[in-house]
A.B. asks: 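Sharing a structure, written as structure tokens. Questions coming.
The figures that follow rest on heavy atoms only: side chains count, while hydrogens, waters and symmetry mates do not. Each chain gets a letter, A, B and so on, in the order the sequences are listed, and its residues count up from 1.
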There are 2 protein chains.
Amino acid sequence: MSRPLAHPDAAAVTLAGLLFALCDPVRLAIVRELLKSPAGLNCTEATARIGLAMPKSTCSQHYRILRESGLIASERRGTELVSRVRSPLLAERFPGLLEAVLRAYERERPAAAKRRVSRASAAG
Amino acid sequence: MSRPLAHPDAAAVTLAGLLFALCDPVRLAIVRELLKSPAGLNCTEATARIGLAMPKSTCSQHYRILRESGLIASERRGTELVSRVRSPLLAERFPGLLEAVLRAYERERPAAAKRRVSRASAAG
DNA sequence: TTCCGTAGTTCAATATTTCGGAACCTAAGA
DNA sequence: TCTTAGGTTCCGAAATATTGAACTACGGAA
């Protein structure tokens, strides 16, 4: 937790960078999870929720890639790193792109967790 | 030109595979160029049109990745390999995804054709 | 038929990138 | 202070990408 966190502005966000960040299943799942918590999540919590254990160093790298691509913004709060999806910036730079990718994601993974009778006990 | 060309069917096409294939600027440009010629283009012609010279082996690898991701179909005609975008399959598997990526591509690269006076130097 | 040129593929070596364990840093409590 | 939690950085190992050279396959010319 030493170096200042660099976040690209809209002009610095590239399509290739976004697609690269999203082409990894772990990173895509993180983005999807972060979207469910607009207030932000720390790394440990987000990765726990997607049910994928990984070494801390690997996790840190994934978040760095997401951050440098412009997909997420991260903020230090105490010892935690709280991240959220930069929806406004993405909507400005490439309107509809993230939505299309997420629709494809849902289509590929037909809601594994939500497959209850209704949304009664979906909290996990 | 020996091994049979393998083309995934719709069920075998993955989102991660598509995003990975598209996150390379060269491959994205190839797809965009192929879309302009629905009848198909051979490798040499397509890469010539996008104005990117590269070694034959590199080009061959790019086409292999595009093919294995499901983005393109290739067919041998004589000594050539004619490829075209598998639009129907993509539309079936992930409707709207390719269109969204291409819209983002056009937005990032403001239409080389209409480059008149406005902004001569676009940063890379 | 044989030979040649074209178009692309495969191999193998090198270069780049990613993974992950260990050590480290910073903030918050006890 | 010491300890713990949450991340980061370093660096060697593993995986992947790049590409020159050798190769295959086809079509045309002689």
A.B. asks: Which residue pairs satisfy the side chain to side chain donor-acceptor pair (under 3.5 Å) criterion with at least one member in residues 88-98 of chain B, sequence neighbours excluded?
C.D. replies: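 Residue pairs with at least one partner in residues 88-98 of chain B: there are none.
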A.B. asks: With salt bridge (charged side-chain N to carboxylate O under 4.0 Å, His left out) as the rule and sequence neighbours excluded, what pairs involving residues 50-61 of chain B come up?
C.D. replies: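 Non-adjacent pairs meeting salt bridge (charged side-chain N to carboxylate O under 4.0 Å, His left out): zero.
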A.B. asks: Search all heavy atoms of A:L89 against all heavy atoms of A:A10 and return the closest pair with its distance.
C.D. replies: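 Looks like CD1-N, 3.5 Å.
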A.B. asks: Tell me every residue that passes side-chain contact (heavy atoms from CB on, under 4.5 Å) with A:C59, counting only those two or more places apart in sequence or in another chain.
C.D. replies: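 So A:C59 forms a side-chain contact (heavy atoms from CB on, under 4.5 Å) with A:C43, A:T47, A:M54, A:Y63.
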A.B. asks: If you take all heavy atoms of B:A100 and A:G96, which pair is closest and at what distance?
C.D. replies: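 Nearest pair, atom of B:A100 first, then A:G96: CB-O, 4.3 Å.
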A.B. asks: Any idea which heavy atoms bring A:R77 and A:A39 closest together, and the distance?
C.D. replies: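 Looks like NH2-O, 4.1 Å.
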A.B. asks: Return whichever of A:R77 or A:R27 has its heavy-atom-nearest nucleotide of DNA chain C closer to the 5' end.
C.D. replies: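 It is A:R27 whose nearest nucleotide is closer to the 5' end.
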A.B. asks: Could you tell me whether B:E80 and B:R76 make a salt bridge, using a distance below 4.0 angstrom between a side-chain N and a carboxylate O?
C.D. replies: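 Here B:E80 does not pair with B:R76 in a salt bridge, since their nearest N and O are not under 4.0 Å apart.
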A.B. asks: I'd like to know if the side chain of A:S37 pairs up with that of A:R84 as donor and acceptor (distance under 3.5 Å, no hydrogens or angles considered).
C.D. replies: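 On atom types as modelled, these side chains do not qualify, holding no pair under 3.5 Å.
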A.B. asks: Between A:E75 (CD) and D:dT8 (C1'), how many Å, whole number?
C.D. replies: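 The distance from CD of A:E75 to C1' of D:dT8 comes to 18 Å, rounded to the nearest Å.
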A.B. asks: Return the residues of residues 57-69 of chain A meeting this criterion: a heavy atom under 4.0 Å from some atom of DNA chain D. Order them by number, or give none.
C.D. replies: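 Contacts with DNA chain D under 4.0 Å: A:S57, A:S60.
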A.B. asks: Is it the case that B:S69 and B:R27 place a side-chain donor and acceptor less than 3.5 Å from each other?
C.D. replies: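 Not at all, the side chains of B:S69 and B:R27 share no donor-acceptor pair under 3.5 Å.
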A.B. asks: Quick one: B:M54 CE to D:dT19 P, roughly how many Å, whole number?
C.D. replies: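 Spelled out: CE on B:M54 to P on D:dT19 is 10 Å.
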A.B. asks: Return the value, rounded to whole Å, for the distance between atom CZ of A:R76 and atom P of C:dC25.
C.D. replies: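 Rounded to the whole Å, the gap is 15 Å.
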A.B. asks: How many whole angstroms separate atom CG of A:D24 from atom P of C:dT17?
C.D. replies: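 Interatomic distance, CG of A:D24 to P of C:dT17: 16 Å.
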A.B. asks: Roughly, in whole Å, what's the span from CD in A:E80 to C1' in D:dT8?
C.D. replies: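 To the nearest whole Å, that distance equals 15 Å.
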A.B. asks: Within this structure, what is the NZ-to-P distance between A:K56 and C:dC24, rounded to whole angstrom?
C.D. replies: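 It is 13 Å, rounded to the nearest whole Å.
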A.B. asks: In whole angstrom, give the distance that lies between atom CG of A:L81 and atom C1' of C:dC25.
C.D. replies: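 Distance, rounded to whole Å: 14 Å.
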A.B. asks: Quantify the bending of the helix from C:dT1-D:dA30 to C:dA30-D:dT1 as the angle between its end axes, each fitted on five pairs, to 10°.
C.D. replies: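 The helix from C:dT1-D:dA30 to C:dA30-D:dT1 shows an end-to-end axis angle of 0°.
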A.B. asks: In residues 35-46 of chain B, which residues come under 4.0 Å of DNA chain C by heavy atom?
C.D. replies: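 B:N42, B:C43, B:T44 - these, ordered by number, are the residues of the stretch whose heavy atoms sit under 4.0 Å from the strand.
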A.B. asks: Quick one, A:R64 with A:E68, criterion salt bridge (charged side-chain N to carboxylate O under 4.0 Å, His left out). Give me CA distance, side-chain angles, the key distance, then yes/no.
C.D. replies: CA-CA 6 Å; A:R64 185 177 55 76; A:E68 294 180 351; 3.2 Å; yes
A.B. asks: Shortest non-hydrogen contact from A:Y105 to A:L28?
C.D. replies: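 For A:Y105 versus A:L28, the nearest heavy atoms are CD1-CD2, 3.3 Å.
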